[in-house]
Every structure is written in structure tokens, then in C-alpha cells.
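We name chains A, B, ... by the order of the sequence lines, and we start the count at 1 in each one.
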There are 2 protein chains.
Amino acid sequence: MYIFTGRYTFVAMTRKPRATRANIIQAADDLFYGEGVRATSMDAIAERAGVTKRTLYYHFRSKDDLISAYLQARDEPTLGRYEVWLNATKGTLAEQVAGMFHRLGRVATAAKWKGCGFQRAAAELAGSPGHPALKIASEHKKRFELWLVERINAEGLDAAPLRARQVVIVLEGAVAQMLLHRDPSYVRAAGQIAASLLIKRG
Amino acid sequence: MYIFTGRYTFVAMTRKPRATRANIIQAADDLFYGEGVRATSMDAIAERAGVTKRTLYYHFRSKDDLISAYLQARDEPTLGRYEVWLNATKGTLAEQVAGMFHRLGRVATAAKWKGCGFQRAAAELAGSPGHPALKIASEHKKRFELWLVERINAEGLDAAPLRARQVVIVLEGAVAQMLLHRDPSYVRAAGQIAASLLIKRG
DNA sequence: GTCTATAGCTTGATAGAC
DNA sequence: GTCTATCAAGCTATAGAC
């Protein structure tokens, strides 16, 4: 957006920087998730975002910084998605979790689905132990686990922390196996375990 | 090894090619597993193997070819390792599997442990659907699952295919979470699920 | 804040000698 | 079968104009 001032020397310095940053994050999400963080170049992200590399490096110090921002931006929407899936089913928590797995199975058969972005980024960055993105991924999964703890407590079940942890393990395993085999029966088998973990023990 | 023939022109053309190939695979294993397949360059592998890149490309057509060979070479040793872990415990199959998870927990706390090489390669190559290494990874996991089916059948339990699949899911999830959090309580929680999956149902 | 242009290096892969 | 030498392309990141 140009601001005419009677001179040519004054041009708006801000061309919606928030929007630019959001565009970059969106482009990074598309490519980092679709192709992997190491397989994606900064050139490719700049091109997809419709900016030059100079602008990219104005908004993000480095590629590692952008990888972190990519995961950070994914945190809340991902948790929200699972929450929507869980709330879509009415009934006991066991039934709701079964429904959550069922819906995961639906989206996970699409070709554009490429597993969990956090899990895959962690797999790629395993060789860089101190990478900041790893901490973000770890905290994201912790948050998911804590959300389950709350749900299990609200259901009046005992041993909520252990049960939540076990449901997370089963979900992670289902996602990993789905990515490898693209066979929805893995998600079904997993949903069955998860539901049984949420039954009141006698 | 030089063979003296009275001339300088005749030098052994074969300097243990099998050994060279094995050296390359070993170097590839160290680096691909330790740093990731995309983070590792052919230069780095050649240097670690003590050969030039020309020799590397004599033995392997391309990097993708070497990635496939790396996973192929890991198939049997990996299955063998789990078999050793399982057989190390005496008792019911449930107890043996619990022992297998326990031993996994031991090695998975070491810093050099970087999760499952197949799972991580699959995560990295998710953006290249037709990659030959993906098929090798998938078949490896299938082989592991089938080995479990046999064990469960031998134990006289029903629904062996489903139970085996569920144990695999739990194991994959435990490995993924261990890699992310480096917290052995995940393996413990997983081992508990796996063992309970192998109890005769009433 | 965004541009054009490029530095400086690494990458996967190859040529040709022996 | 292994070497030395090298290519063209791609990479992350930066310089300086406006």
C-alpha cells in the first residue's frame, strides 16, 4: 500500500507485516509437513509465500527458527482438532475416544495426510539433540497428554495420568503405522485398545 | 592387497569388494541412523567408509539406492534383537513381552539411541510416496508383526493377528514417545499394555 | 519491509586414468 | 574397483538499494 506524500521518497514501510509473516508460516506448513523439514529449502518456502528470500530472513532469523515457528503454529490447531473429534461423539469417554480414533482413520487415508508433523519433525531432528523445535514438539505432546488427563479425571476414573499416557502411546503408534502401511485397520485396532484403557476397572 | 607380478602395471583389481561394500553399509548405518537420511551426505559416508565417492557410486547407483540398502541390512539384525530380548525372559508370553519392553527401555535411554531407523526413515521419506526404501520399511514391520503372530499362536491364544497388530502399535508408540521425551516411564506404561494384550480372555 | 543480486559453501553425481 | 579431479545445481544466509 502506497501512501502518497507529494514526494517519491516516502513509501509505506509496512505492507501488512503480520499478513506476510502469516503467509510465510502457511507456506512453511505446506512444505515442511508435505515434504519434510530437511527436504524443504528456504527458496521453496519464499517462492510459495510469494516473497523474496530477503523478506523471509527479515521475519525469521534462520531456517531452524522457521521450523520452530512452524511447529509452534501447529500446536493449538492440532489439539483443537482432536478435541473436536472427541466432542463429536456423545457417550462415555471410552466411546468418545473410540470416535476420535475413527475420525483419525478417515483423514489418515487421504494421500495428503503425512502422519503427525511433530512426530516426523522429531524423527528428522533426532540427530540434533538441542534443536529448539524438539522442545516445542515435546511440549505439544505433553499438552495433549494433559488434556487427556483432565478428560479422564472428569470421567471419574482412577489412575488418570497412567491411562492418559497409555492412550497417547497407542495414538502415536497408530499414526506411525498408518503412515507406513496406509491401512486403516491399524487405527481400528488402536482405537479398540484406547477405549479399553478407559473402562472402569473392577 | 598388491600382487607383485614383476611389473607395475598389474595390481589386484579386486581389493575385497565385499568388504568394501560392507564398510560402506556400515558407514551409512552409522550416519543415516545417527543423523537422518537427508541430513547425511554421500561425502560424509564416503569419508567414514574410507573410500572415495567414485567407489561409493560404483557400489550404489544413487543415494536412494544406498538408503534402501541401509534399511535392508537392518531388517534381520533388528528382528533378531527383539527375539533375543523376548527369549531372555522365561515364563508366559505376556511376561516375555514385558521383558522385551523392559530391555528396550534400557537401550532407549542411551544418547546414541535414536528411535527406530525404519520409522524415522519413513517419516523423512513421507514426501516421496514411491520411494523404494518405504517398501522395505513397511515389509520389515510386517515381518515383525508376523513373528509376533507365530508367538501368540504358539502360546495357544485366540485372535493372534489382532493381538500381534496391537502389540506392534504399542511398541511403535512407545518408541516414538521415548525418542521425543527420553522418559523411560513411557516404555513401562507401554509394556504394561502389551502384556495385558497377551492375557487369555475370559 | 521488501526488493535485486550474490557470496560462499555443500550437494549428488560423473569423467577418465590406472 | 578404486583413484584424483571436477561439474552444475542447490543450499543457507547476507549486502545494500529504496
### Query
Got a salt bridge between B:Lys112 and B:Asp30, using NZ or NE/NH1/NH2 to carboxylate O under 4.0 Å?
no

## Note on the structure
Closest non-hydrogen atoms of B:Ile199 and B:Ala94, given as atom of the first, atom of the second and distance, are CD1-CB, 3.9 Å

### Spacing of A:Asn23 atom CG relative to C:dT2 atom P, expressed in whole Å
10 Å

### B:Lys114/B:Glu35 ion pair, N-O < 4.0 Å
no

### Message
Students often get this wrong, so: under 4.0 angstrom with heavy atoms, is A:Thr52 touching a base, only sugar-phosphate, or nothing?
### Response
base

### Query
Counting only side-chain N and O atoms of A:Thr20, is one of them less than 4.0 Å from OP1 or OP2 of C:dT2?
yes

### Query
For the pair made of CG in A:Leu66 and C1' in D:dC11, what is the distance, rounded to whole Å?
15 Å

### Summary
Against the side chain of B:Tyr57, the closest entry in C:dT2, C:dT11, C:dA13 is C:dA13

### Query
Out of D:dT14, C:dT11, C:dT14, which has the shortest distance to the side chain of B:Asp43?
C:dT11

### Query
Whole Å only: how far is the CD1 atom of A:Ile24 from the C1' atom of C:dG1?
10 Å

### SB check A:Glu124 B:Arg120 (cutoff 4.0 Å)
no

### Task
Round to the nearest Å and state the distance from B:Arg38 atom CZ to D:dC11 atom P.
10 Å

### Task
Compare the minimum distances between each of C:dT2, C:dG12, D:dA13 and the side chain of A:Tyr58, then state the nucleotide with the smallest one.
C:dT2

### Message
What is the separation between atom CG on B:Leu56 and atom C1' on C:dG12, rounded to the nearest whole Å?
### Response
10 Å

### Message
Could you check whether the side chain of A:Lys53 and the base of D:dT14 have a donor-acceptor pair of N or O atoms closer than 3.5 Å, going by distance alone?
### Response
no

#### Entry: Spacing between B:Phe60 atom CZ and C:dT14 atom P, to the nearest angstrom
16 Å

### Separation of D:dC11 P from A:Asp64 CG (nearest whole Å)
16 Å

### Task
Flag yes if more than 12 heavy atoms outside B:Glu76 fall under 6.0 Å of its CD atom; otherwise flag no.
no

### Query
Starting at CE of A:Met42 and ending at P of C:dT10, how long is that distance when rounded to a whole Å?
18 Å

